[in-house]
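Below is one structure, written out as structure tokens; comments come after it.
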Number of protein chains: 4
Amino acid sequence: MADYQASTAEGSIKIDDLASLEGRVRDRMEAGAFGYIQGGAEAEWTMQENTAAFDHAQIVPRVLRDIQDPDLHTKLWDIDLKTPLIDAPAAAHGLAHVHGELETAAGVAAEGTIMSVSTYANESVPDIAKAGDGGAQFFQLYMSNDDGFNHWILDQAVASGYKAIVLTADASLGGYREADVKTGFQFPLPMVNLANYANNGTSGEGLNIMEIYARAKRNLSLADIEAVASYTNLPVIVKGVQSAPDATLAIGAGSKGIWVSNHGGRQLDGGPASFDVLPSIAAAVDHQVPIIFDSGIRRGEHAFKALASGADLVAFARPLFYGLNLGGVDGVRSVIQHFNQELTITMQLAGTKTIADIKQTQLLRKRIYDGTL
Amino acid sequence: MADYQASTAEGSIKIDDLASLEGRVRDRMEAGAFGYIQGGAEAEWTMQENTAAFDHAQIVPRVLRDIQDPDLHTKLWDIDLKTPLIDAPAAAHGLAHVHGELETAAGVAAEGTIMSVSTYANESVPDIAKAGDGGAQFFQLYMSNDDGFNHWILDQAVASGYKAIVLTADASLGGYREADVKTGFQFPLPMVNLANYANNGTSGEGLNIMEIYARAKRNLSLADIEAVASYTNLPVIVKGVQSAPDATLAIGAGSKGIWVSNHGGRQLDGGPASFDVLPSIAAAVDHQVPIIFDSGIRRGEHAFKALASGADLVAFARPLFYGLNLGGVDGVRSVIQHFNQELTITMQLAGTKTIADIKQTQLLRKRIYDGTL
Amino acid sequence: MADYQASTAEGSIKIDDLASLEGRVRDRMEAGAFGYIQGGAEAEWTMQENTAAFDHAQIVPRVLRDIQDPDLHTKLWDIDLKTPLIDAPAAAHGLAHVHGELETAAGVAAEGTIMSVSTYANESVPDIAKAGDGGAQFFQLYMSNDDGFNHWILDQAVASGYKAIVLTADASLGGYREADVKTGFQFPLPMVNLANYANNGTSGEGLNIMEIYARAKRNLSLADIEAVASYTNLPVIVKGVQSAPDATLAIGAGSKGIWVSNHGGRQLDGGPASFDVLPSIAAAVDHQVPIIFDSGIRRGEHAFKALASGADLVAFARPLFYGLNLGGVDGVRSVIQHFNQELTITMQLAGTKTIADIKQTQLLRKRIYDGTL
Amino acid sequence: MADYQASTAEGSIKIDDLASLEGRVRDRMEAGAFGYIQGGAEAEWTMQENTAAFDHAQIVPRVLRDIQDPDLHTKLWDIDLKTPLIDAPAAAHGLAHVHGELETAAGVAAEGTIMSVSTYANESVPDIAKAGDGGAQFFQLYMSNDDGFNHWILDQAVASGYKAIVLTADASLGGYREADVKTGFQFPLPMVNLANYANNGTSGEGLNIMEIYARAKRNLSLADIEAVASYTNLPVIVKGVQSAPDATLAIGAGSKGIWVSNHGGRQLDGGPASFDVLPSIAAAVDHQVPIIFDSGIRRGEHAFKALASGADLVAFARPLFYGLNLGGVDGVRSVIQHFNQELTITMQLAGTKTIADIKQTQLLRKRIYDGTL
């Protein structure tokens with residue numbers, strides 16, 4: 001596996017639109033690695049619906065409202081952000097670039113937003129924190145069935161100054177990802193956190209994602225929220241919420257944020273688009289805690305629609321991964337800048353000056369479902 | 001016709017997804033036989049809608065529910081099953097494999113689930129029962145216009161220990177299947193039950209499906225349920241129900257189960273997807289008798305959605321037929337195992353531990369129809 | 001124009017499905033003539049929607065209802081018909097076959113149903129009546145702006161024993177048919193009724209359809225119903241009704257039948273599918289007079305759905321035209337027989353024994369429109 | 001840039017349908033210029049939906065209503081028009097033809113309808129007025145961030161006898177138009193109004209559209225309506241309204257007309273089709289002021305549907321631009337004549353004699369959205 005050739009590209013990239021990055025990266029990566037990044041579960045219906053669903057609601061532009069220079073700044077708790085667009089967690093940035101998460105962290109920090117670091121990173125927690133250079137970082141925990149590992153890795157997140165623990169709730173086992181099955185993809189690089197933990201016995205290298213996930217704690221429960229929170233004294237955000245009841249239960253169990261996500265369509269196929277369930281979840285959360293949204297975001301207008309449907313922050317992973325592959329730190333920055341540019345134009349043309357204005361915008365919604373859960 | 005070359009393959013098969021089996025088998029079979037298996041009635045609208053309709057309802061994943069190792073075991077009456085996925089009846093397994101229903105029976109039994117044996121099998125009822133080696137089998141009756149045949153074949157089913165008689169209600173004549181019309185398909189092999197019955201005068205060999213069905217009893221009525229039940233002392237399950245009133249009438253007339261099916265889109269074209277009528281039938285049945293569902297199932301998620309819409313068991317035929325063609329007994333087993341694997345993953349990710357949990361799951365449904373019948 | 005080569009084919013034809021006839025005829029006809037027959041108005045949205053709309057409602061099959069040998073016989077007034085499927089009027093059958101309407105009439109009569117003869121036929125009214133050999137015929141009147149012509153042609157229809165006058169209401173001028181515009185199509189053959197009327201000054205030969213229609217009476221009104229009825233003492237059926245108010249008005253003005261049609265999508269583009277407006281018209285008509293339906297029928301199931309939505313008879317033109325081209329009298333018969341076969345199978349599988357049973361069948365309807373007019 | 005080769009074609013053109021003009025022009029123009037004209041914002045969803053949305057409502061034809069010779073004449077205020085179809089404003093007609101707006105103005109005037117002249121024209125306001133030869137013209141103002149320019153250009157519009165000022169409200173900055181980004185399009189010709197204004201410092205030549213728009217006043221507000229109205233003593237029409245509240249606010253602030261438009265899908269992508277929001281705006285306007293509608297009109301039937309949904313006039317730009325390219329003055333006339341021909345046929349077949357009749361026509365609408373804003 002030692003001969004995996006990751007990108008060494010550095011430099012800002014010209015972006016026509018973010019969806020086109022996928023095609024540009026496809027030709028530069030080993031097929032198995034690309035399939036792992038790009039693919040979704042089973043028939044990929046949910047993955048495709050994630051993006052298509054943004055056409056289920058339209059932004060009605062408002063005019064003559066004395067708007068100029070829309071302002072993307074926002075806050076999460078006491079964290080100041082230059083944009084509501086943040087980095088969603090993803091495993092193995094080393095597949096995209098030789099310096100993996102280190103360059104992602106540097107690029108994200110330079111753009112003044114949040115980096116979410118996966119348990120399955122190819123770089124260590126402290127190294128990524130250092131590369132982030134003071135930028136806010138979240139640690140995404142895949143709880144292990146080995147509590148020793150959980151404590152060991154959470155200790156590092158605390159020590160490294162992470163702002164929150166993102167508790168992954170939707171991956172108690174791996175989705176059936178056909179791209180990986182077809183290519184026979186195995187991780188060609190070690191996952192450093194696994195490798196560094198002495199008792200774990202594997203670095204993940206040479207395993208497939210289902211084998212990796214097999215070491216995760218399967219019977220995750222609401223009690224895990226409080227367990228992580230009390231161990232770390234950090235806010236816990238439950239990631240992978242797709243229903244109003246789960247949001248309510250998670251908040252009741254101590255979750256300080258709700259991350260609405262279906263894992264980019266990589267876990268349960270045949271579930272709804274993440275955007276289609278957001279309004280009912282937002283109604284249940286009712287501003288008790290912040291909502292972070294991901295799954296399918298490829299445009300500034302998508303981010304606008306998510307914010308107008310109840311999200312406080314909007315996250316994305318694949319486009320950043322492609323930017324990292326095409327240009328390292330500056331490629332990551334180019335992607336965030338492009339998102340920001342599209343969101344800024346959308347805000348100006350929609351007649352909204354601030355993120356708060358977007359949140360008060362009512363979209364024109366198609367009737368897709370008969371009810372909500 | 002004696003030169004029909006059926007598969008002799010034996011061995012487990014690698015399955016990426018069940019839908020792709022069709023393409024793999026297409027190249028291995030004589031076009032007429034393949035068209036007979038794969039095709040549907042007329043424009044195949046209903047056939048295609050059968051599978052497409054599973055996208056009319058979505059599974060909303062639930063998280064943090066302390067689930068691991070979902071359990072597929074279930075029961076039908078006093079029959080213990082390792083999975084709610086059972087074999088749906090289909091004619092002429094000999095087209096797929098030289099040992100036809102014998103290997104299907106062995107594979108299905110090995111996976112701990114139910115084999116449904118068609119009147120139009122290429123192997124005899126006692127031989128299939130023997131091959132099933134103690135596994136539960138249902139006998140699917142196409143009532144003949146010759147009551148002597150009906151008694152003769154039901155006697156065999158009773159003698160062979162079959163658990164139920166599946167009374168085919170939706171095939172009082174053959175659907176207009178264009179694939180068969182275009183290829184001029186005639187059965188190249190004898191249907192052993194027809195051949196063995198002295199007075200019948202034909203084995204089916206050299207006839208097309210419409211000619212076969214022409215010997216069936218056309219004016220089937222509710223009275224046939226009781227006639228079969230009292231003759232056999234076995235529970236009768238009416239197969240081919242697509243409306244709530246028919247379910248109610250059938251139960252009133254003595255049916256001990258309702259098999260919701262449109263014959264895989266092979267009979268009436270222009271009817272609804274079987275999945276789209278399931279909820280209204282389930283409401284009418286209201287747990288008085290078990291519901292078996294088929295038509296269009298190609299994924300574990302489809303099975304989940306059918307169970308969550310009122311089905312107690314879920315049946316499928318074409319994928320098993322393809323598995324039989326590609327690997328005999330072990331090919332059949334591979335197909336069932338793949339279905340079980342997908343269903344298990346779906347259960348875990350949906351937050352359901354048991355089949356009973358699935359049945360209590362509410363799907364997020366699109367509004368397709370204005371009302372229900 | 002004298003060198004137009006029409007088909008001389010005679011003999012029954014093998015039909016897989018009626019939709020495929022179009023492709024078979026395309027290769028046999030001069031492009032302009034084929035385009036005239038096959039094409040619709042403008043973007044052909046309405047033409048295509050006419051057929052697609054049959055998927056807006058599904059037949060829910062009923063089982064175990066003691067049905068065999070469904071009976072297609074029906075009546076219109078005192079006319080006994082072997083099938084509810086009748087011939088819709090169409091101009092210029094001479095484009096399809098050298099003997100034009102004469103062979104259509106013979107074929108339709110042999111199948112025991114109604115021939116509708118267009119004003120713009122290539123054969124004379126008495127000749128077509130004679131070829132019909134006692135079969136019921138309707139005369140479709142395109143009212144001329146020359147009342148002398150109207151009287152002259154109606155006299156012939158009466159003298160020839162026609163059963164009704166079909167008053168064309170939806171063609172007060174020609175639709176914008178792009179196929180004709182693109183090919184520059186001009187009728188290559190004389191329209192015999194025009195040619196035989198001394199004062200008319202044209203046979204239609206060398207004109208395009210818009211020029212033909214330009215001689216029609218444009219300001220048709222409700223008063224024309226009574227004018228034609230009193231002149232002929234025949235029942236008048238208004239053809240081209242697409243709204244409940246027009247049906248009510250026409251009946252009030254003396255119409256003895258309502259022909260629901262949008263002229264096969266050849267007149268107004270951007271109007272609804274004829275099938276989608278049928279239920280609201282049927283509700284308004286409420287059995288005061290019979291309803292004939294056309295536009296888009298290509299399957300027996302379509303006919304079933306139209307009958308179940310309020311039609312008493314179902315008409316079609318293009319498939320008959322193709323049958324005429326491919327096989328003359330017997331080709332016409334093959335088309336009707338195929339329709340009848342599909343309808344018979346649909347009836348049996350739907351659990352309906354008679355046309356009256358179909359009419360009492362409730363379809364499962366999708367919600368397409370917000371209301372009805 | 002001096003070597004841009006614009007069309008010099010003169011003469012009427014044969015038009016099969018207006019949608020096909022795009023393809024004919026594509027091959028005749030420099031790719032950047034064509035992309036600028038043809039393209040829309042971002043994914044072009046809104047642009048495509050603009051035209052597709054006309055299939056969201058159908059015209060139900062009415063028959064036997066004593067209609068002939070439908071009359072297209074209408075009025076806006078005291079301006080007599082031969083047709084409700086008017087020219088929508090568009091920048092830089094010089095890209096299409098060497099004489100640019102001069103020939104558009106002549107063609108539009110010859111057809112008895114309104115020319116809308118853009119601030120970003122390639123010919124001067126007085127020259128275009130002169131070329132219009134007495135025909136009614138509107139001046140479309142892109143307010144500059146330089147009030148001197150605004151006054152200078154409005155003085156010319158008043159002096160040239162323009163009938164109204166169209167205040168562009170939906171372009172406070174340029175939409176993200178990917179075609180321009182991909183081709184790197186820069187205007188190859190000077191915008192004469194910019195060039196002639198001494199203090200402006202640029203003619204627009206060599207700039208892209210975002211750079212042009214960057215000089216526009218960004219913080220447009222309701223107060224600008226009154227400012228323009230009082231300065232010019234001309235009626236102000238706010239262009240770019242997509243919501244009922246904005247229409248109400250604009251009228252309250254002095255707007256004498258509401259121009260419902262989304263800029264042909266060139267500004268905010270992810271907004272609704274302009275046709276889909278028209279009914280709710282018309283309900284709010286309630287005949288207080290006239291409504292002009294544009295965005296997506298490519299057929300006479302589209303114009304009919306817009307008029308039946310609340311519009312008083314219907315505008316279009318791209319088809320005229322293509323006509324100008326293909327035939328100069330007479331090409332422009334051919335396009336208007338074709339629109340008029342289609343609208344006339346639609347009126348006759350729909351049973352409407354006047355524009356007032358169309359306005360009282362109720363369409364059969366699909367349910368697309370759950371509510372209206």
Side-chain angles (χ1 to χ4, degrees), chain A residues 41-43 45-46 49 145 167-182 184 210 216-225 238-247 249-250 253 255 261-263 267-273 276-277 280-281 367-373, chain B residues 14-20 51-70 275 279 297-308 338-353 358 361-372:
Chain A
E42 303 202 8
W45 186 89
T46 296
E49 188 77 354
N145 52 20
L167 178 63
T168 312
D170 61 2
S172 58
L173 93 177
Y176 185 79
R177 301 184 194 168
E178 291 191 25
D180 292 354
V181 172
K182 288 175 185 167
M210 298 182 94
K217 180 176 182 182
R218 193 148 296 182
N219 58 338
L220 291 164
S221 73
L222 291 164
D224 292 309
I225 298 170
V238 174
K239 177 170 178 285
V241 174
Q242 291 282 280
S243 71
D246 277 352
L249 290 168
S255 189
S261 169
N262 58 29
H263 219 108
Q267 289 292 100
L268 178 74
D269 196 35
D276 280 338
V277 296
S280 63
I281 297 171
R367 181 170 203 163
I368 305 294
Y369 289 106
D370 243 2
T372 56
L373 294 183
Chain B
K14 178 175 184 294
I15 298 176
D16 295 340
D17 62 79
L18 292 161
S20 66
T51 296
F54 291 109
D55 294 337
H56 294 174
Q58 271 61 55
I59 306 164
V60 181
R62 299 297 303 274
V63 295
L64 302 180
R65 283 157 75 99
D66 194 9
I67 305 287
Q68 62 183 353
D69 304 327
F275 180 65
I297 296 276
R298 295 294 178 274
R299 289 271 179 194
E301 67 146 293
H302 301 166
F304 186 105
K305 288 174 177 176
L307 294 166
H338 188 86
F339 261 123
N340 286 343
Q341 179 192 13
E342 286 191 356
L343 179 56
T344 301
I345 293 172
T346 299
M347 289 174 73
Q348 174 75 31
L349 295 178
T352 48
K353 185 169 176 58
I358 300 176
T361 299
Q362 192 183 340
L363 303 179
L364 187 58
R365 291 187 191 276
K366 292 181 186 168
R367 179 169 204 163
I368 305 295
Y369 289 106
D370 241 3
T372 56

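Only this structure's heavy atoms are used, side chains among them; waters, hydrogens and symmetry mates stay out.
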Measure B:Lys353 against the heavy atoms of chain A and call it side chain, backbone, both or neither at under 4.5 Å. neither

Choice from B:Glu301, B:Glu342, B:Arg299, B:Lys305 maximising heavy atom contacts with chain A below 4.5 Å: B:Arg299

What part of A:Val277 gets within 4.5 angstrom of chain B, counting heavy atoms only: side chain, backbone, both, or neither? side chain

What is the minimum heavy-atom distance between A:Pro245 and B:Arg62, and which atoms define it? CB-NH2, 3.5 Å

Full working for side-chain contact (heavy atoms from CB on, under 4.5 Å) between B:Lys366 and A:Ile368: CA-CA 6 Å; B:Lys366 292 181 186 168; A:Ile368 305 294; 4.1 Å; yes

When you measure from the side chain of A:Tyr369 to the backbone N and O of B:Ala57, does any donor-acceptor pair fall under 3.5 Å? no

Only one of A:Leu173, A:Asp269, A:Asp170 passes side-chain contact (heavy atoms from CB on, under 4.5 Å) with B:Leu349, and that residue is A:Leu173

Chain A contact via B:Leu18 - side chain, backbone, both or neither, heavy atoms under 4.5 Å: neither

What closest approach, in Å, do B:Asp16 and A:Tyr176 show between heavy atoms, and which atom pair accounts for it? O-OH, 2.6 Å

At their closest point, which heavy atom of A:Ser243 faces which heavy atom of B:Pro61, and how far apart are they? OG-O, 4.4 Å

Counting only heavy atoms closer than 4.5 Å, note whether B:Arg298 contacts chain A via side chain, backbone, both or neither. neither

dist B:Leu364:CG -> A:Ser280:OG (nearest 0.5 Å) comes out at 8.0 Å

Please answer whether the main-chain N or O of B:Val63 pairs with a side-chain N or O of A:Asp246 as donor and acceptor at a distance below 3.5 Å. yes

Counting only non-hydrogen atoms closer than 4.5 Å, does A:Ala43 touch chain B with its backbone (N, CA, C, O), its side chain (CB onward), both, or neither? both

Using side-chain contact (heavy atoms from CB on, under 4.5 Å), reason through A:Glu42 and B:Thr346 one step at a time and then give a plain yes or no. CA-CA 10 Å; A:Glu42 303 202 8; B:Thr346 299; 4.2 Å; yes

Please report the interatomic distance CG(A:Asn219) to CG(B:Asp66), rounded to the nearest 0.5 Å. 5.0 Å

Given that the side chain runs from C-beta out, which part of B:Ile345 has a heavy atom under 4.5 Å from chain A: side chain, backbone, both or neither? both

Does the side chain of A:Leu268 reach to within under 4.5 Å of the side chain of B:Gln58, using non-hydrogen atoms? no

Check each atom of A:Glu178 against the heavy atoms of chain B and say whether the ones under 4.5 Å are side chain, backbone, both or neither. side chain

In terms of heavy-atom pairs under 4.5 Å with chain B, which of A:Val238, A:Asn262, A:Leu222 leads? A:Leu222

